[in-house]
Amino acid sequence: MSGARDLLARAASLAPSPADYRGLRRSWRADLTAGITVGIVALPLALAFGVSSGAGAESGLVTAVIAGVVAAVFGGSNVQVSGPTGAMVVVLGPILAQHGVGVLGIICLIAGLIVLAAGALRLGRAVSYIPWPVIEGFTLGIAVIIFMQQVPAAVGAPAGESPNALVAAVEAIAAAQWPEIGWTLGIVAAVAAIMLLAPLVHPRLPGSIIAIAVVGGASALLGLPVETIGELPAGLPAPSLPTLPAASDGGSGWAVLGQLIGPAAAVAALAAIESLLSARVAASISDTGPYDADRELVGQGLASIAAGFFGGMPATGAIARTAVNVRSGARTRVAAITHAVLLLGVVSFGAAVVGRIPLAALAGVLMVTACRMISIATVRSVVGSTRADAVVFVVTAIVTVSVDLIYAVLIGIAAAAFFALRTLARSSGVHREELPGPPQPGDERIALFRLEGALFFGAAERTLERVGGIRDVEVVILRMSQLQILDATGAQVVTELITALERRGVTVLVKGLQTRHMRLAERVGVVRSLRHQNHLFDELAPAIAHARDHVRRAAEATTR
């Protein structure tokens with residue numbers, strides 16, 4: 001019965017509650033203003049990310065509307081804004097290019113279920129184990145990929161056949177022709193100029209939407225020969241259950257499903273990581289309270305599932321839009337909901353106008369956005385911190401651009417773990433000390449070793465070599481009171497060390513084995529390997545006295 005109550009309480013903690021809107025009576029005006037501001041910022045990004053992913057502008061808008069509302073209601077952050085993001089486009093684009101747009105709904109469904117399950121299993125805090133250099137290297141790599149993905153639209157040429165964004169961009173430049181490249185590059189330059197100059201006029205001017213409006217209007221009036229978004233439906237599509245497309249070789253759709261499990265898992269991993277990072281950033285720059293990491297995963301999982309039913313893309317928390325939301329005064333989830341409602345209005349009443357926007361204009365928006373993702377000050381901070389952090393940062397960025405985002409995070413974490421373990425191993429030490437107090441006859445037959453820092457698998461072998469190689473002594477005292485970390489490998493090495501010394505006739509005394517290490521030491525056999533239970537001491541003085549007495553008795557036995 002108590003188990004059922006615990007399960008219900010756990011489920012309730014992951015569900016929406018009236019407490020999510022505490023203080024709304026005081027903040028509703030600020031929430032509405034922030035929501036409208038974010039909606040204006042999000043419109044060109046939603047269109048651009050939809051087009052860039054290969055799913056289409058409509059899919060980007062649908063994701064911003066549907067996922068934006070669902071994640072706001074069910075998520076774990078009061079100010080998080082969710083929708084299509086550049087990182088998701090980087091992962092999703094190659095999947096759709098390989099398997100076709102028909103798999104989009106299934107990808108949303110599988111990835112959403114994985115993220116939802118991660119939240120239900122309380123895995124939300126796992127993102128805290130991702131080191132800062134990995135996050136920054138990952139962000140830098142994504143920015144480079146987003147920029148390169150826009151090059152084909154910027155030069156008015158089709159993307160190259162290579163799945164690598166950098167190579168495809170080079171191929172597109174090689175295939176560009178005049179005068180198309182002149183018109184598209186002019187549009188990109190105009191968009192970039194407006195976006196860069198607008199904040200100088202007033203910090204709150206939405207440069208991206210102004211740039212889209214000016215360039216789109218000029219393009220339509222002048223009849224420029226550039227590709228546009230095209231016709232969009234007026235309103236949201238009717239929801240439908242995602243279905244498995246038939247295999248290209250005529251086989252069963254289940255075969256396609258098997259091929260999509262891996263890509264969907266990569267999408268889910270990215271959605272979880274980016275959403276939790278965004279929520280953490282929002283909590284650090286706002287005073288609207290902490291975020292619930294597990295509930296955030298539940299909300300993002302439900303958002304991707306819901307988007308999939310309407311033809312949308314997998315969703316994540318959007319760091320840039322969330323930051324705009326916070327800085328615009330958002331206090332509750334109403335702001336994110338308002339942003340989605342505003343975009344719904346655009347879909348319902350402005351589809352014809354939106355369809356005339358040049359693709360080059362959207363490319364310009366994303367190019368500027370990608371450049372803004374890179375903070376020179378942050379790069380200098382990471383590179384200038386330590387050599388190990390600089391290596392992790394560079395490796396993560398390079399792998400992100402050249403291989404894969406998920407592999408980049410995993411390799412970055414592995415590299416950071418390697419350097420951390422190396423540093424920890426170097427901080428551990430085995431030092432031979434002089435016996436305290438006035439020297440006494442026979443002290444040269446006693447070796448006192450101080451073990452400090454960490455005795456774990458990365459440093460255990462060195463301890464075995466340092467102490468195990470001691471010669472011409474009758475007693476070894478292992479001083480373990482300053483040992484901060486002891487793992488199973490370290491305890492096993494101590495056991496082997498004691499056993500080897502005792503086999504050679506050297507008596508081993510252990511001093512200061514901490515209470516928190518005692519259970520492990522007993523299980524692995526450290527205590528059992530001692531010649532006598534009395535050879536375990538809490539204080540150094542009795543241990544030295546016992547060692548001297550042992551040496552004295554051994555000397556007397558020799559002279560008889």
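If you read the sequence from its start, that first residue is 1, and numbering goes on from there. Quick caveat, the model's predicted, so the values are computed rather than measured.
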Peer 1: Does a donor on one side chain sit under 3.5 Å from an acceptor on the other, for Thr332 and Asp31?
Peer 2: yes

Peer 1: Please determine, by modelled atom types, if Ser82 and Gln300 share a side-chain donor-acceptor pair under 3.5 angstrom.
Peer 2: yes

Peer 1: Counting only N and O atoms by type, is there a donor-acceptor contact under 3.5 Å from the side chain of Ser304 to the main-chain atoms of Gly301?
Peer 2: no

Peer 1: In a table with atom names and distances, give each donor-acceptor pair under 3.5 Å that connects a side chain of residues 36-48 to protein atoms at least two apart or in another chain.
Peer 2:
from, atom 1, to, atom 2, distance (Å)
Thr37, OG1, Thr33, O, 2.9

Peer 1: In residues 363-374, what donor-acceptor pairs under 3.5 Å come from side-chain atoms, sequence neighbours left out?
Peer 2:
from, atom 1, to, atom 2, distance (Å)
Thr369, OG1, Val365, O, 2.8
Arg372, NH2, Met195, O, 2.9

Peer 1: Looking at every heavy atom in both Thr400 and Ile145, which two are closest together, and how far apart are they?
Peer 2: O-CD1, 3.2 Å

Peer 1: Could you grab the distance from atom NE2 of His99 to atom CG of Leu260, nearest 0.5 Å is fine?
Peer 2: 5.5 Å

Peer 1: Would you compute the distance between atom OG of Ser27 and atom CZ of Arg22 and round it to the nearest 0.5 angstrom?
Peer 2: 12.0 Å

Peer 1: Quick one, Arg295 and Pro16 - any side-chain contact, counting heavy atoms below 4.5 Å?
Peer 2: yes

Peer 1: Check the pair Phe309 / Leu241 against side chain to side chain contact (heavy atoms under 4.5 Å, CB included), numbers first and verdict last.
Peer 2: CA-CA 6 Å; Phe309 281 101; Leu241 185 67; 3.4 Å; yes

Peer 1: Any sub-3.5 Å donor-acceptor pair from Ser59's side-chain atoms to Gly56's backbone N or O?
Peer 2: no

Peer 1: How long is the gap from CZ on Phe310 to SG on Cys108, to the nearest 0.5 Å?
Peer 2: 12.5 Å

Peer 1: If we only count heavy atoms from C-beta on, is the Leu257 to Ile110 side-chain gap below 4.5 Å?
Peer 2: yes

Peer 1: Main chain of Leu344, side chain of Ser348: is a donor-acceptor contact present, judged purely on distance under 3.5 Å?
Peer 2: yes

Peer 1: Please name the pair of heavy atoms, one in Thr322 and one in Ala282, separated by the smallest distance, quoted to 0.1 Å.
Peer 2: CG2-CB, 3.5 Å

Peer 1: Can you tell me how far the CD1 atom of Ile114 sits from the CG atom of Leu109, to the nearest 0.5 Å?
Peer 2: 10.0 Å

Peer 1: Would you give me the side-chain donor-acceptor pairs under 3.5 Å for residues 218-240, sequence neighbours excluded?
Peer 2:
none

Peer 1: Ignoring hydrogens and geometry, is there a side-chain-to-backbone donor-acceptor pair from Thr63 to Met313 under 3.5 Å?
Peer 2: yes

Peer 1: Taking the side chain as C-beta and beyond, is there a heavy-atom pair between Arg122 and Leu14 under 4.5 Å?
Peer 2: yes

Peer 1: Quick one: does Leu104's side chain get under 4.5 Å of Pro314's, heavy atoms only?
Peer 2: yes

Peer 1: Please report the shortest heavy-atom distance between Ser52 and Gln149, naming the atom on each side.
Peer 2: OG-OE1, 3.6 Å

Peer 1: What pair of heavy atoms forms the shortest contact from Ala64 to Pro84, and how long is it?
Peer 2: N-CD, 3.8 Å

Peer 1: Between Glu296 and Ser77, do the side chains contain a donor N or O and an acceptor N or O under 3.5 Å apart?
Peer 2: no

Peer 1: Is the shortest side-chain heavy-atom distance between Ile142 and Ile146 below 4.5 Å?
Peer 2: yes

Peer 1: Let me confirm one number: the CG-CD1 distance from Leu205 to Ile210, rounded to the nearest 0.5 Å.
Peer 2: 4.5 Å

Peer 1: Which atom pairs, one a donor and one an acceptor, fall under 3.5 Å between side chains of residues 131-138 and the rest of the protein, sequence neighbours left out?
Peer 2:
from, atom 1, to, atom 2, distance (Å)
Trp132, NE1, Glu136, OE2, 3.1

Peer 1: Any heavy-atom pair between the side chains of Thr85 and Arg321 that's under 4.5 Å?
Peer 2: yes

Peer 1: For residues Leu277 and Arg280, determine if any side-chain heavy atom of one lies less than 4.5 Å from a side-chain heavy atom of the other.
Peer 2: yes

Peer 1: Out of curiosity, Leu297 CG to Leu121 CG, how far, rounded to the nearest 0.5 Å?
Peer 2: 10.0 Å

Peer 1: Could you pull out the closest heavy-atom pair between Thr184 and Ala154, with the gap in Å?
Peer 2: OG1-O, 2.8 Å

Peer 1: Taking salt bridge (charged side-chain N to carboxylate O under 4.0 Å, His left out) as the cut-off, I'd like each qualifying pair that reaches into residues 323-338, sequence neighbours left out, listed once.
Peer 2: Asp20-Arg333, Asp287-Arg331

Peer 1: So, for Ala336 and Ala72, which heavy atoms are closest and what is the spacing to 0.1 Å?
Peer 2: CB-CB, 3.7 Å

Peer 1: Side chains of Val379 and Ser375: closer than 4.5 Å at any heavy-atom pair?
Peer 2: no

Peer 1: Would you list the atom pairs, donor with acceptor, under 3.5 Å between side chains in residues 392-399 and any protein atom, with sequence neighbours excluded?
Peer 2:
from, atom 1, to, atom 2, distance (Å)
Thr396, OG1, Val392, O, 2.7

Peer 1: Please test Val354 against Val347 for side chain to side chain contact (heavy atoms under 4.5 Å, CB included), starting from the C-alpha separation and ending with a verdict.
Peer 2: CA-CA 9 Å; Val354 171; Val347 172; over 6 Å; no

